[in-house]
Amino acid sequence: MFDSIIEYLQYPFVRYALIVGVMIALSSSLLGVTLVLRRFSFIGDGLSHVAFGAMSIAMVMQITNGMLLALPITIISAILLLRTGQNTKIKGDAAVAMISVGSLAFGYLIMNIFAKSARISNLSGDVCSTLFGSTSILTLTAREMWLSVILSIGVVIIFVLFYNKIFALTFDENFARATGTRVDTYNLLIAVVIAVIIVLAMNLVGSLLISALVIFPALSAMRIFNSFKMVTVFSAILSVVCAFSGIIISILAGTPVGSTIVAVDVAAFAICYLIGIGKGGIRA
């Protein structure tokens with residue numbers, strides 16, 4: 001098996017997949033803890049469906065790198081979602097449901113209507129790849145890899161620079177506002193970063209499995225550790241290990257990449273859950 005891994009690593013697309021997978025897993029796990037603790041986990045689903053709709057438009061328009069279109073659309077949607085969620089007439093969960101279902105439906109509708117004119121020969125295969133990330137991570141070009149790496153590094157830098165502010169917003173937003181913290185500005189920053197993570201993760205696990213990549217490492221870490229810092233660090237390490245292992249297993253076993261990574265994340269959560277029972281860790 002080790003010889004097979006060495007042989008596969010000689011191919012550039014495998015190295016690209018591992019590099020991008022590790023970087024995306026790292027960046028997504030950092031804000032995953034904040035989203036879980038603030039009960040914002042469902043936002044990942046909403047924005048992932050928006051990204052699917054944007055990818056559908058890019059596919060119909062025959063844009064080679066759909067990320068260039070999906071990224072600004074998802075960022076704008078994240079900002080609108082934040083603003084709409086603050087409206088007393090439309091609660092946050094209702095706004096997410098509206099954007100999520102609407103984007104998913106329109107995305108698939110657009111792909112069906114314009115499939116022939118856009119010369120989409122394998123509509124069901126393209127939809128499956130976008131939803132579940134079945135092959136896209138293994139077809140990355142060097143340009144796409146560098147774009148993903150740069151954006152992932154940007155997410156990590158932002159998290160490190162604003163760690164204290166994110167920590168304050170996570171546990172007591174009202175107190176942070178009372179101490180003079182620009183809560184709205186940092187919430188907006190978090191929304192933009194989440195949108196970037198969602199678009200990046202689409203290449204790895206697909207739009208329907210993104211939430212698992214964001215949530216499972218955080219939940220697993222919370223079973224063992226009590227402090228925010230340790231949960232964040234362990235979540236990042238676990239996410240990277242699971243992504244790397246999932247990609248290797250999928251290549252060796254010929255299974256879908258996204259589903260395999262999520263399956264590894266679920267197995268890791270089960271192990272952490274059992275460890276947490278013995279240690280009396282946090283119940284999330």
Decide yes or no for [X] and [Y]: does some side-chain heavy atom of the first lie under 4.5 Å from some side-chain heavy atom of the second?
X      : Y      : result
Phe234 : Cys272 : yes
Ile166 : Tyr186 : no
Val50  : Ile73  : yes
Met230 : Ile224 : no
Leu71  : Leu151 : yes
Leu213 : Val262 : no
Val155 : Met23  : no

Approximate separation, where rounding is to 0.5 Å, of [X] [atom1] and [Y] [atom2]:
X      : Y      : atom1 : atom2 : answer
Ile157 : Ser27  : CD1   : OG    : 12.0 Å
Ile194 : Thr74  : CD1   : OG1   : 12.0 Å
Leu189 : Arg182 : CG    : CZ    : 10.5 Å
Ser235 : Leu26  : OG    : CG    : 9.5 Å
Ile19  : Ile24  : CD1   : CD1   : 11.5 Å
Trp146 : Ile153 : CH2   : CD1   : 8.0 Å

Applying side chain to side chain contact (heavy atoms under 4.5 Å, CB included), run through Ile248 and Leu18 and close with a yes or a no.
-> CA-CA 8 Å; Ile248 293 296; Leu18 288 172; 4.0 Å; yes

Set of residues satisfying ring-ring contact (aromatic ring centres under 6.0 Å, His included) with respect to Phe228, sequence neighbours excluded =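 ring-ring contact (aromatic ring centres under 6.0 Å, His included) check on Phe228 returns Tyr163, Phe167, Phe171.
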
If hydrophobic clusters are built from ILVMFWY residues whose side chains come within less than 4.5 Å, do [X] and [Y] share one?
X      : Y      : result
Ile150 : Val160 : no
Val20  : Val241 : no
Val264 : Val240 : no
Leu252 : Ile249 : no
Val233 : Met222 : no

Please name the pair of heavy atoms, one in [X] and one in [Y], separated by the smallest distance, quoted to 0.1 Å.
X      : Y      : answer
Cys242 : Ile261 : O-CG2, 4.4 Å
Ser239 : Pro217 : CB-CG, 3.7 Å
Ser28  : Ile197 : CB-CG2, 3.5 Å
Gln10  : Arg15  : O-NH1, 3.1 Å
Gly21  : Ile247 : CA-CD1, 3.9 Å
Ser29  : Ala236 : OG-CA, 3.1 Å

What pairs with Thr260 under side-chain hydrogen bond (donor to acceptor under 3.5 Å, both in side chains), at least two apart in sequence or on another chain?
->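 In terms of side-chain hydrogen bond (donor to acceptor under 3.5 Å, both in side chains), with neighbours along the sequence ignored, Thr260 is linked to Thr255.
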
Not counting sequence neighbours, list each pair that qualifies as a ring-ring contact (aromatic ring centres under 6.0 Å, His included) and has a residue in residues 239-263.
->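 Qualifying pairs: none.
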
Residue from Val214, Leu31, Val231, Leu219 passing side chain to side chain contact (heavy atoms under 4.5 Å, CB included) with Val36 |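 Option passing the side chain to side chain contact (heavy atoms under 4.5 Å, CB included) with Val36: Leu219.
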
